[in-house]
Amino acid sequence: MPILETQNLSRRFGGLTAVDNLSMRIEGGTIHGLIGPNGAGKTTTFNVISGFYAPSSGKVLYNGQDISGLKTSAIAALGLVRTFQGTTLFQEFTVMQNVLVGCHLHAKAGFVSRVLGRDQAEERAARSKADEILAFFDLEDRAEEVTMNLPHGHQRTLGIAVALAADPKLLLLDEPFTGMNPEETHHMMELIRKVRDQDVTMLLVEHDMQAVMGLCDRITVLNFGRLLAEGSPEEIRNNSEVIEAYLGTPEHVAAH
């Protein structure tokens, strides 16, 4: 059974169909790419899977459970966690404080007990977990640094660290390589492989084709909201329909 499956998934906005009858399967333990030209429906697909939009029709199944239309918090609590293209970090918090926010996603202690100090054991456990995550991402030396002062690559790394603190089984990565230089991109690719090796499945939307081809076990290609192709990186790289969707017809390419 796949960890995630969409069945005839569609999302419409008035007269516009952003996702059109999409069926795809994500196998556990893999890195799966979701690519396509601008406007292909990738972000809308992410938004439906992660609960920001309810599907207009069709289903989203997570470990066989229908999660279509559940709230984002309920979906995250099941282990399906999403990062965002734009940073959603608390810029005035320290690096450690941001990771602690992720740790508390599953915390059972309420606000009153936290104020009264009745959940000190849980706080210690969260701090210990945050320390481990910062060490995993080589951010321990920056634990007390204010987030807004971090370089761009480190902010992107911190975003994934916060997501990992929420104990995901499936991590949706929304353009993790945006704005990165080649050195930062290489470092992020290594981190994503390390996360996958912690038994975390990943589905990523990304425009950096070198990163996609170098990371992904399998790739789904969308065009105008519909499934265009699916296969291994090699199969996608050599698919004439995919080449045409990205580059236009051979005549169009020759003219430019």
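Since this is a predicted model, take the numbers as computed values, not measurements.
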Can you list, pair by pair, the side-chain donor-acceptor contacts under 3.5 Å of residues 28-39, counting residues two or more places apart and other chains?
from, atom 1, to, atom 2, distance (Å)
Thr30, OG1, Glu27, O, 2.6
His32, NE2, Thr220, OG1, 2.7

Cluster overlap [X] with [Y], hydrophobic side-chain contacts below 4.5 Å:
X      : Y      : answer
Ile236 : Ile243 : yes
Met96  : Val146 : no
Ile75  : Met1   : no
Met213 : Phe177 : yes

In terms of heavy-atom contacts, does [atom1] of [X] have more than 12 from other residues, nucleotides or ligands at under 6.0 Å?
X      : atom1 : result
Phe52  : CZ    : yes
His152 : NE2   : yes
Gln198 : CD    : yes
Asp199 : CG    : no
Lys194 : NZ    : yes

Decide yes or no on salt bridge (Lys or Arg N to Asp or Glu O under 4.0 Å) for Arg193 and Glu190, but give the supporting numbers first.
CA-CA 5 Å; Arg193 292 190 185 102; Glu190 291 301 315; 2.8 Å; yes
Are the side chain of [X] and the backbone of [Y] linked by a donor-acceptor contact shorter than 3.5 Å?
X      : Y      : result
Thr147 : Phe93  : yes
Ser128 : Arg124 : no
Ser50  : Arg82  : no
Glu175 : His207 : no
Asn98  : Thr94  : yes

Partner of Met202 under side chain to side chain contact (heavy atoms under 4.5 Å, CB included), chosen from Leu170, Leu172, Ile192
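When side chain to side chain contact (heavy atoms under 4.5 Å, CB included) is applied between Met202 and each of Leu170, Leu172, Ile192, only Ile192 qualifies.
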Sole residue of Ile49, Thr45, Asp174 in side chain to side chain contact (heavy atoms under 4.5 Å, CB included) with Leu203
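Only one option passes, and that is Ile49.
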Spatial distance of atom CG (Leu89) from atom CD (Gln97) [nearest 0.5 Å]:
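Going from the CG atom of Leu89 to the CD atom of Gln97 covers 12.5 Å.
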Using a 3.5 Å cut-off and no angle test, enumerate the donor-acceptor pairs between side-chain atoms of residues 14-24 and protein atoms at least two apart in sequence or in another chain.
from, atom 1, to, atom 2, distance (Å)
Asp20, OD2, Arg226, NE, 2.9
Asp20, OD2, Arg226, NH2, 3.2
Asn21, OD1, Asn8, ND2, 3.2
Ser23, OG, Asn8, N, 2.9

Between Glu235 and Asn239, is a side chain to side chain donor-acceptor pair (under 3.5 Å) present by the stated rule, with each step listed?
CA-CA 6 Å; Glu235 290 169 332; Asn239 186 300; over 6 Å; no
If I compare all heavy atoms of Ser68 with all of Lys59, which pair ends up nearest, and what's the gap?
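Reported closest heavy-atom pair: OG-CA, 3.3 Å.
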Closest contact, heavy atoms only, Glu140 versus Ala135
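For Glu140 and Ala135, the tightest heavy-atom pair comes out as OE1-CA, 3.6 Å.
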